[in-house]
Amino acid sequence: MNLARLDLNLVVALRALLEERNVTRAGQRVGLSQPAMSAALARLRRHFDDDLLARVGSHYELTALGQVLLDRTSTAYDLLERLFASQADFDPARESREFKLHASDYAVAVFGAELARVVHEEAPGIRLRFAQSPPTVVDDTSALLSATDGLFMPHGVISGFPATDLYRDRWVFLVADDHPDVGDRLTRRNLAELPWVTYQRTYDAPAVRQLGMLGVEPRVEVSVDSFQLLPLLVAGTRRIAMIQSRLAHLMTPPAAVRVLEPPYEAVPLQEAMWWHPVHTHDAAHIWLRETAARVGRRLAGERGDDAGG
C-alpha cells in the first residue's frame, strides 16, 4: 500500500458515509455536495473493491467489509486529527484545548481531581474530559490510545507503550463491620472461601494474579465497573473486596465496612499515565505529561510512596 498515492480526504468521507449510511447526510456533515460525496463513494468502492453501502429497501446498510471499516475508520480519523493538531510550542496560560483521558473512577478520585485543580489554576483555557476505561482496554490497547490523549492505569496490565509513573499505592481489603467469619485479621482461608465483589476484569490485575500464585482463586459473586461502589456491595454481606488504600482512606463510605490488611505481602500498585507514541514529541502533550508527573510526585510526598495510613 503506497500511502503517497492515497487522498487522505477520503478518510473523512469514509467515516461520514459509514456512520451516516446516507450519501446526502454524509455530504452535509463534511461540507460536500451530494455529487461530490457520490464521487468519493465511487472512489472508495473502487479502492476496496466492495460496495461498502448496500441498498436494502429504501435505505442503505453496511456490507460486511463496511462494518469492519466502521471502527477502524473512526480510530484512524482520531489518530490523524491528533497527529495534525501537534504543536511545536505550547503556552498553557493562553491555549484553548481539550484533553481526553481514560481512567477508572479510582484514578479520577485519587489523582484526576487534583490534576484538574492544578490545570484550572495554571491553564484556564484547558479542558479535561475523563472517560471510563473500557474492560476491553487490554484487547486493543493501540486503538484506545490512538483515540485519546492518555490512559491512567497501573503497570502490569498493559505494556509496549510509553508511560510516565505517577504515584504508588497498595491493596487492602473491605469487609462488613459485622462480618460473622472475619475477626481483626483476614486469613488466606477467608480469601479462598468467602464470596468476592470485584472491579470489572479482575484477572487483569497483577494483585489478583498474585493470589492465583498463592493458590487462592477468588470466588466472584458480583462484579462492577466502579471501585467506589465496592463498599456498598460489601456492607451487610459476607462478601470481601480488594480496593486501593488511597481510595479507601479518601472515601467516607456510607456503608458499614472495615478496612483490613491482606494476609500476605501484596504486590504494590504503581499508577502510570500511558500514551500513544504519536503524542511523544507534541508540545501540548509534553506539558500534560509533565503536569501529571508533577501532581503524582506531590501525592507521593503527601502520603509516602506506600500510601500507608
[X] [atom1] to [Y] [atom2] distance, which is reported to the nearest 0.5 Å:
{"X": "Ser104", "Y": "Phe227", "atom1": "OG", "atom2": "CZ", "value": "5.0 Å"}
{"X": "Leu191", "Y": "Leu214", "atom1": "CG", "atom2": "CG", "value": "9.0 Å"}
{"X": "Leu69", "Y": "Leu65", "atom1": "CG", "atom2": "CG", "value": "4.0 Å"}
{"X": "Met251", "Y": "Gln244", "atom1": "CE", "atom2": "CD", "value": "9.0 Å"}
{"X": "Met242", "Y": "Tyr199", "atom1": "CE", "atom2": "OH", "value": "15.0 Å"}
{"X": "Arg15", "Y": "Arg29", "atom1": "CZ", "atom2": "CZ", "value": "5.5 Å"}

Could you go step by step and tell me if Asp282 and Arg97 meet the salt bridge (Lys or Arg N to Asp or Glu O under 4.0 Å) rule? CA-CA 13 Å; Asp282 175 39; Arg97 174 169 172 171; 3.5 Å; yes
Does a salt bridge link Arg246 with Glu271, judged by any charged N lying under 4.0 Å from a carboxylate O? no
Arg219/Glu193 ion pair, N-O < 4.0 Å: no
Pairing donors with acceptors under 3.5 angstrom, does anything connect the side chains of Thr187 and Asn190? yes
With no hydrogens and no angle check, do the side chains of His155 and Asp165 hold a donor and an acceptor under 3.5 Å apart? yes
Any sub-3.5 Å donor-acceptor pair from [X]'s side-chain atoms to [Y]'s backbone N or O?
{"X": "Thr63", "Y": "Gly66", "answer": "yes"}
{"X": "Arg25", "Y": "Glu20", "answer": "yes"}
{"X": "Ser74", "Y": "Asp71", "answer": "no"}
{"X": "His102", "Y": "Asp149", "answer": "no"}
{"X": "Arg94", "Y": "Ala123", "answer": "no"}
{"X": "Asp105", "Y": "Ser226", "answer": "no"}
{"X": "Ser146", "Y": "Ala143", "answer": "yes"}
{"X": "Gln132", "Y": "Asp225", "answer": "yes"}
{"X": "Gln270", "Y": "Tyr167", "answer": "yes"}
{"X": "Thr237", "Y": "Val234", "answer": "yes"}

Nearest non-hydrogen partners of [X] and [Y], listed with the distance:
{"X": "Asp51", "Y": "Arg45", "value": "O-NE, 2.7 Å"}
{"X": "Ala248", "Y": "Ile243", "value": "CB-CG2, 4.0 Å"}
{"X": "Leu247", "Y": "Ala109", "value": "CD1-CB, 4.1 Å"}
{"X": "Ala103", "Y": "Val108", "value": "CB-CG2, 3.9 Å"}
{"X": "Pro263", "Y": "Leu186", "value": "CB-O, 3.2 Å"}

Checking Met273 against Leu288 for the side-chain contact (heavy atoms from CB on, under 4.5 Å) test, could you report, in this order, the C-alpha distance in whole Å, the side-chain angles of both residues, the deciding distance, and whether it holds? CA-CA 10 Å; Met273 176 183 169; Leu288 176 66; 3.7 Å; yes
Step-by-step salt bridge (Lys or Arg N to Asp or Glu O under 4.0 Å) determination, Glu122 to Arg294: CA-CA 13 Å; Glu122 300 179 3; Arg294 176 159 46 92; 2.9 Å; yes
Parallel, tilted or perpendicular for Trp287 and Phe90, by the 30°/60° rule? tilted
Kindly say whether the aromatic ring centers of Phe161 and Trp274 come within a distance under 6.0 Å. no
Verify whether the ring centers belonging to Trp171 and Tyr264 lie closer than 6.0 Å. no
I want to check a possible cation-pi pair here: Arg289 against Trp275, using under 6.0 Å from ring centre and within 45° of the ring axis as the test. yes
CA sep, side-chain torsions, deciding dist, call: Val257, Phe173, side-chain contact (heavy atoms from CB on, under 4.5 Å): CA-CA 10 Å; Val257 296; Phe173 284 87; over 6 Å; no
Any link between Leu166 and Val267 through a network of hydrophobic side chains (Ile, Leu, Val, Met, Phe, Trp, Tyr) touching at under 4.5 Å? no
Are the side chains of [X] and [Y] in touch, meaning some heavy atoms are under 4.5 Å apart?
{"X": "Leu17", "Y": "Leu52", "result": "no"}
{"X": "Leu229", "Y": "Leu232", "result": "yes"}
{"X": "Asp50", "Y": "Leu44", "result": "no"}

Could you walk me through whether Leu260 and Val172 pass the side-chain contact (heavy atoms from CB on, under 4.5 Å) test, one step at a time? CA-CA 6 Å; Leu260 297 177; Val172 293; over 6 Å; no
Kindly determine whether Glu121 and Arg117 satisfy salt bridge (Lys or Arg N to Asp or Glu O under 4.0 Å), including the steps that lead there. CA-CA 6 Å; Glu121 291 179 353; Arg117 187 191 66 76; 2.6 Å; yes
Does Arg185 have more than 12 heavy atoms from other residues, nucleotides or ligands lying within 6.0 Å of its CZ? no
For the pair Met37 and Ser33, evaluate side-chain contact (heavy atoms from CB on, under 4.5 Å) and give the outcome as yes or no after the intermediate values. CA-CA 6 Å; Met37 184 56 78; Ser33 65; over 6 Å; no
Considering residues at least two apart in sequence or located in another chain, which fulfil the salt bridge (Lys or Arg N to Asp or Glu O under 4.0 Å) criterion with Arg21? none
